[in-house]
Structures are given as structure tokens and as C-alpha cells.
Amino acid sequence: MKVGVLALQGAYVSHVQAFVSLGVEALEVRTPEDLAKIDRLVIPGGESTTISMLLDWNGMRAPIQESISAGMPIFGTCAGMIVLAKEVLDGRDDQKPLEAIDITVRRNAFGRQVDSFESEIDVLGLDEPFPSVFIRAPIVETIGEGVKVFARVDEKIVLCGTDSILVASFHPELSNDGRIHEMFLSMEPLGSQG
Ligand code: GLN
């Protein structure tokens, strides 16, 4: 299995390292040619308005949307979650999300006082709490049908997904704990079951 990490901007190096420590080959993805070499993709944290703009500048928007429609598993963390959302609140007017998952996301939703924090969170399917790092994190305000909630902080949804899309408000790649990456690796491409 070959994982790709979108490497246009943001915290992609830590994601590559997280996969390497799980013994999985991970590739930095910058072009449609790179995308063609991988089986699943991570959109990392960073700055969602910048990532969104760079998707267009690098001709990556349509190829990624096609891969998602074809059922390729995809994992968005923090800014990556915003980029994958159907709707973005408190975004920039020209910020265009990929609309890959039926969620409404609010940017920087924990407020200035709690810009960044760490929290042990309970995650559906994990026996022990997961140490999570939140950095100017978004939250998921509403979810559509078929979206499953895996974790909340103060009642707010911070980890959710569908059969092939996983999104996190926090940065699992910064925790030295590979369990959320393993959750992503266990997702099957759509259409491959049975
Ligand atoms: N607040 C950033 C944004 O809106 C996301 C922060 C992050 O990825 N750590 O893009």
C-alpha cells in the first residue's frame, strides 16, 4: 500500500513520518502524476485558504475530486478537514472547499483564549484515550446522513467520517501515537468490498 500526503503547504512532513513509523510507504504528493501513484491520500494541517488556493494553482483540485469520487480513502487533519468539508463557516469569501464530505465546519472555533491545547480524548473503537493536539482548530458543527462521529471535545465533534473519508480537528501526526493513522489505513476503498 502506498499512502500520499498532499505536500503543497502545512504539516505534511510529520504525516509522512507517522506512516513510516508504522512501516507504511508514504509519498509527498504535489502533482497529478504523484496522485496517480498512490492508493490513499492525506490532506494535512496548515492554512486552509492557502491549501485551497494552491490546489487550483497546481491543477490538483479536479484530480483529487476524481480520486475521491472513485472511492480512494482520504484523511483530512485540521486545515485538511476544512478543505474536505461541504461547507465552511468563518472562511474567506474566496475559499472553495472540495465538498467531499457532508459536514459544516467552523474555522478557529475554539476561540483565541484557547488557541492551542492538548487533550486526552475518547475515540470510538480505541480502548485507551488518544492524546490530541489542537492548533487553531476547527470544529464540525453539523453532519449529514452517513457521517459517523468518532470523538467529541466539550460536546463538539472533532473526529468523524464516512466509509472512505476520515476528518480530524486535531493533529494526530504530532502525538507519537499511530492509532488514528491505523484507523485510516484500515479503511477500504469504496467499491472494493465483496
Ligand atoms: N486555522 C487553520 C485554517 O483555518 C487550521 C489550523 C491548522 O491546520 N492547524 O486553515
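Worth knowing before you read on, the calculation uses all heavy atoms, side chains too, and leaves out hydrogens, waters and symmetry mates. When a ligand or atom number is given, it counts from 1 through the structure's own listing order.
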Output the distance between atom CZ (Phe134) and atom OG (Ser169), rounded to the nearest 0.5 Å. 6.0 Å
Side chain to side chain donor-acceptor pair (under 3.5 Å) pairs, two or more places apart, involving residues 138-156: Thr104-Thr142, Arg106-Glu141
Note down each nitrogen or oxygen pair, ligand 1 side and protein side, whose separation is under 3.5 Å; give only atom names and the distance to 0.1 Å.
residue, atom, partner, partner atom, Å
ligand 1, 1 (N), Asn108, OD1, 2.7
ligand 1, 1 (N), Arg136, O, 3.1
ligand 1, 4 (O), Ser48, OG, 3.3
ligand 1, 4 (O), Arg107, NE, 2.6
ligand 1, 4 (O), Arg107, NH2, 3.0
ligand 1, 8 (O), Gly46, N, 2.9
ligand 1, 8 (O), Gly46, O, 3.1
ligand 1, 8 (O), Ala79, N, 3.1
ligand 1, 9 (N), Ile135, O, 3.0
ligand 1, 9 (N), His171, NE2, 2.9
ligand 1, 10 (O), Ser48, N, 2.5
ligand 1, 10 (O), Ser48, OG, 2.9

Could you give the side-chain donor-acceptor pairs of residues 11-20 under 3.5 Å, partners two or more places apart or in another chain?
residue, atom, partner, partner atom, Å
His15, ND1, His181, NE2, 3.0
His15, NE2, Thr77, OG1, 3.0
His15, NE2, Glu173, OE1, 3.4

Under the ring-ring contact (aromatic ring centres under 6.0 Å, His included) test, which residues partner Phe150, sequence neighbours left out?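 ring-ring contact (aromatic ring centres under 6.0 Å, His included) list for Phe150, sorted by chain: empty.
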Is the NZ or CZ atom of Arg136 positioned over Phe110's six-membered ring, under 6.0 angstrom from the centre and within 45° of the axis?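 No, Arg136 does not lie over the aromatic ring of Phe110.
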Is the closest basic N to carboxylate O distance between Glu47 and Arg107 below 4.0 Å?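 Salt bridge present between Glu47 and Arg107.
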